[in-house]
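Structure first, commentary second.
Labels below follow one simple rule: chain letters A, B, ... track the order of the sequence lines, proteins then strands, and each chain is numbered from 1.
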2 protein chains.
Amino acid sequence: MISPSSYRTHPSPFESGLRSDGKRMTPQRKKVLSLFEEIGSGIHLSAEEVHSKLTISGEKVSLATIYRTLRLLVKMTFLNELDLSEGGNRFELLSHDHPDHHHLICIRCGRTEEFENNEVINAGKAAAENFGFKLLESSLNVRAVCPMCLNK
Amino acid sequence: MISPSSYRTHPSPFESGLRSDGKRMTPQRKKVLSLFEEIGSGIHLSAEEVHSKLTISGEKVSLATIYRTLRLLVKMTFLNELDLSEGGNRFELLSHDHPDHHHLICIRCGRTEEFENNEVINAGKAAAENFGFKLLESSLNVRAVCPMCLNK
DNA sequence: TAGCGTAATGAGAACCGCTTGCAACACAAA
DNA sequence: TTTGTGTTGCAAGCGGTTCTCATTACGCTA
């Protein structure tokens with residue numbers, strides 16, 4: 001039997017996730033998530049790119065809403081956020097004795113841990129040799145979420 | 001014999017590097033580099049932090065000059081720059097295979113080559129596990145000089 | 001299915017980190 | 001000391017992101 005409101009045949013994980021949190025499904029939110037589903041995983045888009053892609057295909061969603069929706073989708077773990085924006089770039093003294101810097105960076109709080117790994121050093125050396133470059137230094141940045149931020 | 005200008009007993013690598021490039025040593029540049037030397041390697045500061053640390057210790061260097069000096073020190077390979085965030089955050093559909101980006105970058109002309117290396121990927125995974133972080137993405141940046149620029 | 005409370009949107013101002021243009025300054029060579 | 005030009009400080013500008021607030025509209029309930 002079909003009740004008047006049962007046109008929602010398959011409430012998506014997104015929709016039910018929203019509902020269970022007192023939030024609402026809107027056309028704008030659908031459009032943003034659909035865009036990512038269409039292009040598939042492994043491709044990164046900036047907020048600006050999401051905006052222009054939607055605009056080009058005739059969908060009008062304001063930039064402010066896109067930013068809000070992206071944050072929401074990240075919090076709901078439908079999207080992955082790359083790059084650390086808070087605090088801007090950082091600098092450290094380059095020690096010429098140990099020309100390798102490996103960092104594990106929490107993208108939420110900025111917490112940074114250093115670590116050493118010889119294979120990474122060798123990979124840098126090998127790549128430089130392969131292309132005929134003269135190696136100066138190599139740095140591995142691992143973007144991750146630290147335990148503290150995971151539990152928030 | 002001591003000529004009038006020979007009070008410079010030990011022109012530092014920084015100073016001679018500047019000189020050989022038609023650039024000048026200034027109190028501001030000295031102060032910025034000294035700050036990094038005092039705190040030692042392995043500690044990262046943002047431009048803003050450099051500015052406030054200098055201000056607190058009574059040194060007046062404008063923020064604009066600090067940004068210019070940091071860029072200069074990076075180009076001269078005295079400092080290491082972390083997190084070159086290429087214009088804002090990016091988002092991607094969450095998937096469980098972690099993308100990795102490895103780049104060989106010529107610091108003179110900007111030429112960039114990509115390469116793949118599984119050991120690097122594994123090193124990132126291992127480090128994240130060690131510290132209890134949830135891995136998102138790792139990127140290895142190898143700073144080097146390309147063959148073309150070597151012959152100039 | 002109409003009414004209602006409140007979440008969400010759009011538009012623009014505000015903000016933040018960073019860069020740039022420009023006039024004044026100061027190294028360093030003559 | 002003079003002079004040329006690299007450097008600085010200030011303020012304006014810029015790109016990305018967040019905030020404010022009036023308006024809109026989702027979806028619960030009667």
In this structure, how many angstroms lie between the [atom2] atom of [N] and the [atom1] atom of [X], rounded?
X	N	atom1	atom2	answer
Lys31(A)	dT9(C)	NZ	P	11 Å
His51(A)	dG16(D)	NE2	P	13 Å
Leu63(A)	dT9(C)	CG	P	13 Å
Leu18(A)	dA7(C)	CG	P	13 Å
Lys30(B)	dT7(D)	NZ	P	14 Å
Met25(B)	dT8(D)	CE	C1'	15 Å
Leu54(B)	dG9(D)	CG	P	11 Å
Asp21(A)	dC28(D)	CG	P	14 Å

Toward the 5' end of DNA chain C, by each residue's nearest nucleotide, Leu72(A) or Arg71(B):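 By nearest-heavy-atom nucleotide position, the 5'-most residue is Leu72(A).
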
Side chain to side chain contact (heavy atoms under 4.5 Å, CB included) between Phe36(B) and Val50(B), worked out: CA-CA 9 Å; Phe36(B) 278 98; Val50(B) 171; 3.8 Å; yes

Could you tell me whether the phosphate oxygens of [N], OP1 or OP2, come under 4.0 Å of any side-chain nitrogen or oxygen in [X]?
X	N	value
Thr65(A)	dG10(C)	yes
Thr26(B)	dT8(D)	yes
Gln28(A)	dG10(C)	yes
Tyr67(B)	dC18(C)	yes

Trace of the salt bridge (charged side-chain N to carboxylate O under 4.0 Å, His left out) decision for Arg19(A) with Glu15(A): CA-CA 6 Å; Arg19(A) 290 261 167 78; Glu15(A) 188 157 359; 2.8 Å; yes

His102(A) and Phe115(A) aromatic ring geometry - parallel, tilted or perpendicular at 30°/60° bounds: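 Ring orientation of Phe115(A) relative to His102(A): tilted.
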
Thr65(B) side chain vs Val61(B) backbone, donor-acceptor pair below 3.5 Å: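 Looks like no, no N/O pair under 3.5 Å.
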
Position toward the 5' end of DNA chain D (nearest nucleotide), Gly22(B) or Ala64(B):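 The residue mapped nearer the 5' terminus is Gly22(B).
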
Among dC26(D), dG16(D), dT20(D), the one nearest Arg68(A) by side-chain distance: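 Closest of the options to the side chain of Arg68(A): dT20(D).
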
Chi angles and distances behind the side chain to side chain contact (heavy atoms under 4.5 Å, CB included) call for Arg29(A), Phe14(A): CA-CA 9 Å; Arg29(A) 288 175 175 172; Phe14(A) 182 30; 3.9 Å; yes

Touch class at under 4.0 angstrom, heavy-atom based, for Arg29(B) against every strand present: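 Sugar-phosphate, backbone atoms only, no base.
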
